[in-house]
Amino acid sequence: MFALSRLTGFIAVAEELHFGRAAERLHMTQPPLSRQIQQLEHELGVQLIDRTSRTVTLTAAGHAFLPEARRIVRLAESASLMVKRIPAGDLGTVIVGFTGASAHAVLPRLLDTARRVLPDVKIVLREMVTAAQMEALTGGELDLGLVRPGPGRPGVSSRPLHHERLIAALPDDHDLADADELTIEDFDGRAVVMYSPVDARYFHELLISTFTAVGATPRNVQYVTQIHTMLVLVRSGLGMALVPESAATMRPEGVVFRPVTAVRERPVRLHAAWRSDNTNPALARMLADVLPTQEWD
């Protein structure tokens with residue numbers, strides 16, 4: 001079994017494509033780093049790196065091995081975090097997944113509360129779409145997910161955490177930008193930046209039902225996953241969009257936000273989810289002392 005230090009050295013060289021920079025990044029000198037790579041290649045029985053006096057490149061085997069090396073190091077780091085957890089839960093680590101939108105709506109409040117209530121619990125953040133979070137929760141790679149509601153998963157518990165309104169995002173030179181408020185009917189026949197039906201399924205289905213309820217048929221000109229990407233496309237003049245109210249805190253230049261009438265009251269939902277059999281004491285403390293039993297406004 002090869003040492004993690006050799007894997008870390010290989011990853012650094014593969015990413016820097018320069019032994020000197022890789023050695024500096026690892027706070028070591030170049031000769032021992034070169035020996036680590038040679039030892040790793042000997043253990044694997046293949047050449048991973050082509051070296052010349054002027055260039056460093058990965059071989060085909062090196063390209064194939066790099067993602068596996070990263071995965072092994074990540075698993076080792078995760079195992080290290082696991083054994084350091086303290087049974088009482090006032091010390092330890094909670095790995096939290098979150099969607100891009102929840103970073104504006106809920107994550108600051110969660111982190112602020114955790115710092116006050118559990119100052120010695122380390123929170124490791126992973127930005128992931130809801131589907132990826134559910135997979136990671138099931139696989140034990142996350143302790144807690146901030147997810148959009150959807151079909152339940154066996155063994156995964158959840159509770160409502162937050163809900164908010166939908167608002168309109170428009171380019172500041174749009175012909176509707178001066179309106180005090182919009183209606184869903186205002187989107188009919190208009191160019192709209194839409195959510196991906198696969199990677200942003202929750203928002204896609206929410207908007208489809210919202211438009212269908214009033215018979216509006218917008219022209220979906222682009223499908224995206226992340227709200228910040230959506231606002232970039234709105235700013236470029238590609239179309240209008242419906243986004244969670246918390247997206248307005250991004251304050252992107254060239255984009256204006258307007259309230260929308262005839263939308264269900266605060267239809268955007270966010271849930272906290274965790275694996276029911278997760279025995280991490282720090283997670284139990286977070287569920288009991290940090291996350292509200294009533295939804296955050």
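The heavy-atom pair separating Ala168 from Phe187 by the smallest distance is CB-CZ, 3.9 Å. Scanning both residues, Thr183 and Val260, for their nearest heavy atoms gives C-CG1, 4.0 Å.
Looking at Leu176 and Arg190, their side chains come closer than 4.5 Å, going by heavy atoms from C-beta outward. Contact check for Thr8 versus Ile11: no side-chain heavy atoms found under the 4.5 Å cut-off. Counting only heavy atoms from C-beta outward, the side chains of Glu245 and Phe257 never approach each other to under 4.5 Å. Within the 4.5 Å cutoff, no side-chain heavy atoms of Arg126 are placed close to those of Phe98. Taking 4.5 Å as the limit, every side-chain heavy atom of Phe211 sits out of range of all side-chain heavy atoms of Asp188.
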(message) Under the criterion salt bridge (Lys or Arg N to Asp or Glu O under 4.0 Å), I'd like the reasoning laid out for Glu135 against Arg153: C-alpha separation, chi angles, the key distance, then a yes or no.
(response) CA-CA 9 Å; Glu135 290 293 334; Arg153 290 272 185 115; 3.0 Å; yes
(message) Between Val268 and Arg148, is the side chain to side chain contact (heavy atoms under 4.5 Å, CB included) condition met? List the steps.
(response) CA-CA 8 Å; Val268 181; Arg148 300 300 174 185; 3.4 Å; yes
(message) Between Glu43 and Arg6, is the salt bridge (Lys or Arg N to Asp or Glu O under 4.0 Å) condition met? List the steps.
(response) CA-CA 11 Å; Glu43 289 171 341; Arg6 294 172 189 170; 2.2 Å; yes
(request) Could you check Leu144 against Ile123 for side chain to side chain contact (heavy atoms under 4.5 Å, CB included), going step by step and ending with a plain yes or no? (result) CA-CA 10 Å; Leu144 178 69; Ile123 297 178; over 6 Å; no
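Counted by atom type alone, Thr99 and Ser102 present one or more donor-acceptor pairs between their side chains at under 3.5 Å. Defined by atom type and a distance below 3.5 Å, a donor-acceptor pair is missing between the side-chain atoms of Gln47 and Thr59.
In this structure, Ser276 contributes its side chain and Gly155 its backbone to a donor-acceptor pair below 3.5 Å. Proximity of a side-chain donor or acceptor of Tyr202 to a complementary backbone N or O of Leu270 within less than 3.5 Å is not detected. With His104 contributing its side chain and Ala247 its backbone, the two residues share no donor-acceptor pair below 3.5 Å. Counting only distance, with no hydrogens or angles, the side chain of His271 and the backbone of Ala273 share no donor-acceptor pair below 3.5 Å. With hydrogens and angles ignored, the 3.5 Å screen pairs no side-chain donor or acceptor of Gln30 with any backbone N or O of Phe19. Remark: side-chain polar atoms of Thr212 are not paired, donor with acceptor, to backbone N or O of Ser209 under 3.5 angstrom. Although no hydrogens or angles enter the test, the distance criterion places no donor-acceptor pair under 3.5 Å between the side chain of Arg159 and the main chain of Ala272. Looking only at distances, no side-chain donor or acceptor of Arg201 sits under 3.5 Å from a matching main-chain atom of Ser196.
A tilted orientation is assigned to the rings of Phe10 and Phe65, their planes being inclined by 30° to 60°.
In this structure, Glu41 pairs ionically with Arg51, as a charged nitrogen and a carboxylate oxygen lie closer than 4.0 Å. Comment: Asp120 does not engage Arg285 in a salt bridge, judged by the lack of any side-chain N to carboxylate O separation of less than 4.0 angstrom. Between Glu141 and Arg74 there is no salt bridge, since no side-chain N of the basic residue sits under 4.0 Å from a carboxylate O of the acidic one. Using a 4.0 Å cut-off between a side-chain N of Lys or Arg and a carboxylate O of Asp or Glu, Glu68 and Arg71 qualify as a salt bridge.
Annotation: Glu24, atom CD; neighbour count of heavy atoms from other residues, nucleotides and ligands within 6.0 Å does not exceed 12.
Taking CG from Asp143 and CG from Asn280, the interatomic distance works out to 4.5 Å, rounded to the nearest 0.5 Å.
Val106 and Trp274 fall within the same hydrophobic cluster, where Ile, Leu, Val, Met, Phe, Trp and Tyr residues are linked whenever their side-chain heavy atoms come under 4.5 Å apart, directly or through other members.
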Show me, pair by pair, the donor-acceptor contacts under 3.5 angstrom made by side chains of residues 217-226, not counting sequence neighbours?
residue, atom, partner, partner atom, Å
Arg219, NE, Gly189, O, 3.3
Asn220, ND2, Tyr223, OH, 3.4

